[in-house]
Amino acid sequence: MLQLDNAVLIGRGLHRECYLHPADSRLCVKIVVAGNSDENRREARYYSRLAARGISWDMLARFHGLVNTSLGEGAVFDLIRDGDGSVSRPLAGYLESAELSDANSGLLRLALPALRDYLLDNRVVTMTLKSKNILLQKSTGGVGRLVLVDNVGNSDFIPLSHYIGWLGRRKILRKWRRFENDLRAQYLRNEVLKEILSPGQAR
Ligand SMILES: Nc1ncnc2c1ncn2[C@@H]1O[C@H](COP(=O)(O)OP(=O)(O)OP(=O)(O)O)[C@@H](O)[C@H]1O
Ligand SMILES: [Mg+2]
């Protein structure tokens, strides 16, 4: 059993806490702290489908299975770090700050459409896309990418979009459009974002 009692807490969402893996600094362990732990299982099933398809993990934190921990069941993932070794920060934090958006505008301009293309190319279906669940992984030298760390898969009772390619892509595009609209609404005054997002798709 993995002892997490003294493990470093990296982040916390509405449902889970994310700890540094005590034995491997390249990994993190997520513990469900609110709501249903079935969520871990559903997610694990979807990740095994993705692994079986041999997708690229360039913009999705790779899943390494469920483990028993001192805090209950844990889900192990790649820990996303910047080139300087610090844990990558959510896109939300960058977009909330005019200074950070400006300083990273070139990077953001490339990284947003690249994530969309990645999801489509690898047919990675998501639930609601949120900027707190997407990390901006900065390498050294001003380059970087967005990496999705949460809300992957589909909560539909019968997830047809997992089985039928065009349904999957249609769902991904719909989620992406909604994501862009949410970003526009959430960060109304972010000038960098205004330039990046295609103007005024009302949907
Ligand atoms: N693979 C990762 N690498 C680095 N940091 C991570 C990783 N996964 C999660 N985090 C950090 O931990 C936070 C919480 O993790 P996560 O989003 O999985 O929790 P959650 O409770 O499921 O979130 P939500 O509130 O969206 O349901 C994230 O917002 C992020 O800052
Ligand atoms: Mg989250």
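Since the model is a prediction, treat every value here as computed from it, not as a measurement. Every number for a ligand or one of its atoms is a count from 1 in the order of the listing.
Of all the N, O or S atoms in Asp150, the one closest to the Mg ion (ligand 2) is OD2.
Residue contacts with ligand 1 include Arg12, since one of its heavy atoms falls under 4.0 Å from the ligand. Proximity of Cys28 to ligand 1 is established by a heavy-atom distance of less than 4.0 Å.
For Arg189, the CZ atom is loosely surrounded, since the number of other residues' heavy atoms within 6.0 Å does not exceed 12. For Ile158, the CD1 atom is loosely surrounded, since the number of other residues' heavy atoms within 6.0 Å does not exceed 12.
Summary of contacts: the protein heavy atom closest to atom 5 (N) of ligand 1 is Leu135 CD1, 3.5 Å. Summary of contacts: the protein heavy atom closest to atom 25 (O) of ligand 1 is Leu14 N, 2.7 Å. What sits closest to atom 14 (C) of ligand 1 on the protein, heavy atoms only, is Gly13 N, 3.5 Å. His15 ND1, 2.7 Å is the protein heavy atom nearest to atom 27 (O) of ligand 1. The nearest heavy-atom contact from the protein to atom 10 (N) of ligand 1 is Cys18 SG, 3.7 Å. In terms of protein heavy-atom proximity, atom 20 (P) of ligand 1 is nearest to Asp150 OD2, 3.5 Å. The nearest heavy-atom contact from the protein to atom 18 (O) of ligand 1 is Lys30 NZ, 2.8 Å. In this structure, atom 1 (N) of ligand 1 lies nearest to the protein heavy atom Asp78 O, 2.8 Å.
For Asn151, no heavy-atom contact with ligand 1 is shorter than 4.0 Å. With a heavy-atom cut-off of 4.0 Å, Pro90 touches ligand 1 through its side chain alone. Heavy atoms of Asn133 found under 4.0 angstrom from ligand 1 belong exclusively to the side chain.
Which parts of ligand 1 touch Lys132 is read off a 4.0 Å heavy-atom cut-off, strictly below it: atoms 24 (P), 25 (O), 26 (O), 29 (O). Set against the non-hydrogen atoms of Leu79, the atoms of ligand 1 under 4.0 Å away are 3 (N), 4 (C). Under a 4.0 Å criterion applied to the non-hydrogen atoms of Gly11, ligand 1 contributes the atoms 12 (O), 13 (C).
For the residue pair Tyr187 / Ser101, no side-chain donor-acceptor distance below 3.5 Å is found, with atom types taken as modelled.
Ion pairing of Arg42 with Glu39 is present here, as a side-chain N (NZ or NE/NH1/NH2) and a carboxylate O approach within less than 4.0 Å. Salt bridge present: Arg16 and Glu43 bring a charged side-chain N and a carboxylate O closer than 4.0 Å.
To the nearest 0.5 Å, atom CG of residue Leu91 and atom CG of residue Asn133 are 10.5 Å apart. In this structure, CG in Leu136 is found 7.0 Å from CG in Asp82, a value given to the nearest 0.5 Å.
For the residue pair Val147 and Asp58, the shortest heavy atom distance occurs at CG2-O, 4.0 Å. Contact between Val125 and Lys171 at its shortest, heavy atoms only, is CG1-CD, 3.8 Å. Among all heavy-atom pairs drawn from Pro22 and Gln3, the shortest one is CG-O, 3.5 Å.
Across the listed options Val87, Val147, Val149, Val149 owns the non-hydrogen atom lying nearest to atom 7 (C) of ligand 1.
Contact annotation: Asn151 places no N, O or S atom under 2.8 Å from the Mg ion (ligand 2).
Ring-plane geometry between Tyr47 and Phe63 is classed as tilted, the angle between the planes lying from 30 to 60 degrees on a 0 to 90 degree scale.
Looking at Asn151, its side chain never comes within 3.5 Å of a backbone N or O of Thr126 through a donor-acceptor pair.
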